[in-house]
2 protein chains.
Amino acid sequence: MAVTIKDVARAAGVSAATVTRALSKPEVVRPATRDRVKEIAASLGYHPNRAARGLITGRTGNLGLLVPDLGNPFFPSIVKGVQARAHEADHAVFLADTDEDPAAEAGLVRKLAKQVDGVLLCSPRMAEAEIRALATEVPTVLLYRRVPGVASVTAEFLDGMRQAVSHLVALGHRRIAYVAGPRTSWANRERVRSLRAVTRTRVELVETGNVVPQFEGGVSVADQVLAAEVTAVIAYNDLVALGLLHRFAARGVAVPHDISVLGFDDIPLAAMVHPALTTVALPKDQAGQAGVDLLLRERHRERRELPTQLMVRGSTGPAR
Amino acid sequence: MAVTIKDVARAAGVSAATVTRALSKPEVVRPATRDRVKEIAASLGYHPNRAARGLITGRTGNLGLLVPDLGNPFFPSIVKGVQARAHEADHAVFLADTDEDPAAEAGLVRKLAKQVDGVLLCSPRMAEAEIRALATEVPTVLLYRRVPGVASVTAEFLDGMRQAVSHLVALGHRRIAYVAGPRTSWANRERVRSLRAVTRTRVELVETGNVVPQFEGGVSVADQVLAAEVTAVIAYNDLVALGLLHRFAARGVAVPHDISVLGFDDIPLAAMVHPALTTVALPKDQAGQAGVDLLLRERHRERRELPTQLMVRGSTGPAR
DNA sequence: TGGGCGCGTGAAAACCTTTACAGATCATGG
DNA sequence: CCATGATCTGTAAAGGTTTTCACGCGCCCA
């Protein structure tokens, strides 16, 4: 079986207490003893059993991370950021994919709650009350969602939207469509709000119905967008924008000549297609890292808002 | 604090032993008692502390999953499959992204090893000897790699390659390039092997140097491929193929008119671009699920090989 | 009516670690 | 040389759960 602290203690001729001290607070044990214990522990390949340690310290060294859909390349980027920072801090991360199912979220978190020091909820779709309840049960940091009293990392949507609309306006666009994401998405509501604030007088805004935040969502709503006779369209996210692009191409609509398309997120894919997608880049790595920092430093109510950046590529051009 | 088994026991007027039995082996406790305990446990929101349970049972209810790069959409698909199956079996999953760094892999696994019932190594890049060593320390299942004596889930590369080459040959291609992936990738070696076996006499094969298995890898090697004067190119994976497509478009090379492009994996993205990518679909969800099954059922030496399927789309056509 | 059996339950030990507390050792100053 | 304090180490309890063992009760059969 695995080597325990007792094995080390016996081999070193000391008590278990001395072993644990030698390893976790070296300054309180006599140097000679400490070195001997450390050496023996190493030679035996001893690693403290984290479950046992967690039982007594109440800290597990684990983090939970919830994402709505790993199939959307936006989320893997965040996961990578979380991972990197968590591993630096010697924490492991539990990942759970909720498949865009709001009902599954709370249950998954509660199951994880017992074995983590905190959870990162990435773009959670559940109700605000639920989140608030959860936050009282386990240290919680929200990524891309804001709930009063709960720590969060978000991006400057308003500024991002301003950049996007200014860009389109400068290109002569005066009638713009917005393809809305999931009703349950805070980010979607936030984008709509920003968009309305930013377009106010300069631009006529056409809002479509809500779509699933995926390629298929864009495909399915593309014809409606064309029928709306706009010269530009802003999509809830890049995946939806790519869906639009796809359907436009199929219908022989030239981008950006006939219509300009603008996305949100800046997933790696956005730069790979033809025409490359103009999009508002949101912080991903940084958001993940900031989230972990907040969690580990126990900043339970802090809010961080990271900057956004318009990436101008080939899918936007002068209005027809 | 959290609700413990004692709270439930007290509330139900029974001992802790009865509570644990009512929940984990319901058949041994009197129905009336069992139902009452279950009801009270539920109303109190009791979930056993997994650390404490793990301490005594030696099972943690956790799985470890290692992937080389979550940024490659192939891996999130596998992760989703693993997740789904693991959650069904009431297991949580630790995810670790190694960033294509073979040196980091073993260390990450060893850190995880203490707190999981087993690990899934997805396309591990480390040396075979290292994997064999790891497999003696912790139950291990390999995904998309084969090592003697270690359980694994792979795909029928040979058959997939046969489908791909037959397709190209039928279209009149006689000189085909292969863009190789990482030298450390078993999948790459396997693809080369299959390709050589399958092309033997019918086709002249041109192999390029190794590239990173990403979009950039395809971009960087595209001009070499053109210089090789082939009529078709098979890429290590879809991402590389998309890189080729991108560079070809930039150089004004028409696909599939001037050159046919064929990928491997069938990531969701492959169907979203123009022209859509012809590719050999590898099982992703199923591979993940099969891996979890092998791990949980303790089939420590079993091998499973899942079928592959050529997806013919727009990027392949008759040879010029 | 009494012995035995089986079912259902409780008490206690075990898992491995950390930590508060107490004890031991040693040096120093009186 | 002893008392005092400082430094180091050991003992024991605690954390939440599962499991073994034993006990009590009711029932059946002789």
Side-chain angles (χ1 to χ4, degrees), chain A residues 1-38 40-41 44-62 90 92 110-117 137-138, chain B residues 1-38 40-42 44-62 90-92 111 113-117:
Chain A
M1 274 262 23
V3 32
T4 81
I5 200 171
K6 285 187 188 168
D7 301 321
V8 179
R10 201 173 314 122
V14 297
S15 74
T18 301
V19 175
T20 187
R21 277 190 289 251
L23 298 176
S24 58
K25 23 178 110 159
E27 68 280 6
V28 306
V29 38
R30 191 154 50 109
T33 316
R34 184 219 308 151
D35 296 343
R36 187 160 41 91
V37 169
K38 278 190 170 177
I40 291 178
L44 259 45
Y46 169 72
H47 290 273
N49 179 321
R50 296 184 86 130
R53 166 186 286 172
L55 204 49
I56 179 144
T57 62
R59 318 203 74 241
T60 61
N62 296 330
D90 204 31
R110 290 215 166 78
K111 261 168 90 175
L112 242 43
K114 265 74 192 176
Q115 35 186 353
V116 300
D117 296 338
E137 298 172 31
V138 53
Chain B
M1 273 257 30
V3 32
T4 79
I5 200 171
K6 285 185 187 168
D7 301 322
V8 179
R10 201 171 317 121
V14 297
S15 74
T18 301
V19 175
T20 187
R21 277 190 289 249
L23 298 176
S24 56
K25 25 178 113 156
E27 67 280 5
V28 306
V29 37
R30 192 155 49 108
T33 317
R34 184 219 307 150
D35 295 344
R36 186 159 43 91
V37 169
K38 278 190 170 176
I40 291 179
L44 259 45
Y46 168 71
H47 291 274
N49 180 321
R50 298 185 86 130
R53 167 187 285 171
L55 203 49
I56 180 142
T57 62
R59 319 200 74 239
T60 62
N62 296 330
D90 204 31
H91 279 241
K111 262 169 88 175
K114 267 74 193 176
Q115 35 187 352
V116 300
D117 296 338

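Each chain gets a letter, A, B and so on, in the order the sequences are listed, and its residues count up from 1.
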Asker: May I have the distance from A:Arg59 (atom CZ) to C:dT17 (atom C1'), rounded to whole angstrom?
Answerer: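 From A:Arg59 CZ to C:dT17 C1': 16 Å.
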
Asker: Measure from the side chain of B:Ala17, starting at C-beta and using heavy atoms only, and say which of C:dG10, D:dG10, C:dC16 lies closest.
Answerer: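 Taking heavy atoms from C-beta onward, the closest nucleotide is C:dG10.
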
Asker: Between atom CZ in B:Arg50 and atom C1' in D:dT17, what is the gap in whole Å?
Answerer: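 My rounded result for the distance is 13 Å.
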
Asker: Find which nucleotide of DNA chain C each of B:Glu27 and B:Ala52 is nearest to by heavy atoms, and output the residue with the more 5' nucleotide.
Answerer: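 In this pair, the answer is B:Glu27.
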
Asker: If we only count heavy atoms from C-beta on, is the A:Asn62 to A:Leu112 side-chain gap below 4.5 Å?
Answerer: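 No - every pair of side-chain heavy atoms lies 4.5 Å or more apart.
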
Asker: For C:dG10, does OP1 or OP2 lie under 4.0 Å from any side-chain N or O of B:Thr18?
Answerer: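 Yes.
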
Asker: Can you tell me how far P of C:dT17 sits from CZ of B:Arg53, to the nearest Å?
Answerer: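 Computing the B:Arg53:CZ to C:dT17:P distance gives 21 Å.
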
Asker: Taking for each residue the nucleotide of DNA chain C with the nearest heavy atom, is it A:Ser24 or B:Val29 whose nucleotide lies nearer the 5' end?
Answerer: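 So the residue in question is B:Val29.
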
Asker: Taking all non-hydrogen atoms of both residues into account, name the closest pair between B:Ile5 and B:Ala16 and its distance.
Answerer: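 Taking every non-hydrogen atom into account, CD1-O, 3.5 Å.
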
Asker: Does any non-hydrogen side-chain atom of A:Arg21 lie less than 4.5 Å from one of A:Val37?
Answerer: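 When only atoms from C-beta onward are counted, A:Arg21 and A:Val37 do not touch, as no gap falls below 4.5 Å.
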
Asker: Compare the minimum distances between each of C:dG10, D:dG10, C:dT18 and the side chain of B:Val14, then state the nucleotide with the smallest one.
Answerer: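 Of the options given, the side chain of B:Val14 lies nearest C:dG10.
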
Asker: Which part of the nucleic acid, if any, lies within contact of A:Thr20, taking any heavy atom under 4.0 Å across all strands shown: a base, the sugar-phosphate backbone alone, or nothing?
Answerer: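 Base, at least one base heavy atom under 4.0 Å.
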
Asker: Of the options D:dT18, C:dC16, C:dT18, whose atoms approach the side-chain atoms of B:Ile56 most closely?
Answerer: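 Closest of the options to the side chain of B:Ile56: D:dT18.
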
Asker: Output yes when at least one side-chain N/O atom of B:Thr57 is less than 4.0 Å from OP1 or OP2 of D:dT18, else no.
Answerer: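 No, no such contact exists.
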
Asker: Side-chain N or O of A:Thr33 versus OP1/OP2 of D:dT9: is the shortest distance under 4.0 Å?
Answerer: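 Answer is yes, contact under 4.0 Å.
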
Asker: May I have the distance from B:Lys6 (atom NZ) to C:dA11 (atom P), rounded to whole angstrom?
Answerer: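 Atom NZ in B:Lys6 sits about 12 Å away from atom P in C:dA11.
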
Asker: Counting only N and O atoms by type, is there a donor-acceptor contact under 3.5 Å from the side chain of A:Thr60 to the main-chain atoms of A:Gln115?
Answerer: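 A pair under 3.5 Å: yes.
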
Asker: Could you tell me the separation between the CG atom of B:Leu23 and the P atom of D:dG16, rounded to a whole number of Å?
Answerer: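 Result: 17 Å.
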
Asker: For a 4.5 angstrom cut-off between non-hydrogen side-chain atoms, does B:Val19 reach B:Val14?
Answerer: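 They are in side-chain contact.
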
Asker: Does OP1 or OP2 of C:dT17 have a side-chain N or O of A:Tyr46 closer than 4.0 Å?
Answerer: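 Checking C:dT17 against A:Tyr46, a side-chain N or O does come within under 4.0 Å of OP1 or OP2.
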
Asker: Tell me the interatomic distance from B:Lys114, atom NZ, to C:dT17, atom P, rounded to whole angstroms.
Answerer: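 Between P of C:dT17 and NZ of B:Lys114: 11 Å.
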
Asker: For the pair made of CD1 in B:Ile5 and C1' in D:dT19, what is the distance, rounded to whole Å?
Answerer: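 For the pair B:Ile5 CD1 and D:dT19 C1', the rounded distance is 12 Å.
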
Asker: Does any donor-acceptor pair link the side chain of B:Arg21 with the base of C:dG10 at a separation under 3.5 Å?
Answerer: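 Counting by modelled atom types and ignoring angles, a donor-acceptor contact under 3.5 Å is found here.
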
Asker: Distance-only, no hydrogens or angles: does the B:Arg36 side chain make a donor-acceptor pair with backbone N or O of B:Ala12 under 3.5 Å?
Answerer: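 Answer holds: yes.
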
Asker: Do any side-chain nitrogens or oxygens of B:Arg30 fall under 4.0 Å of OP1 or OP2 in C:dG8?
Answerer: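 So the side chain of B:Arg30 is outside the cut-off, no N or O lying under 4.0 Å from OP1 or OP2 of C:dG8.
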
Asker: Of all the choices, C:dT18, C:dC16, D:dG10, which nucleotide is nearest to the side chain of B:Leu55 once you look at every atom?
Answerer: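 Shortest atom-to-atom distance from the side chain points to C:dC16.
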
Asker: Distance check needed: D:dT7 P versus A:Lys25 NZ, whole Å only.
Answerer: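 After rounding, the reported distance stands at 16 Å.
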
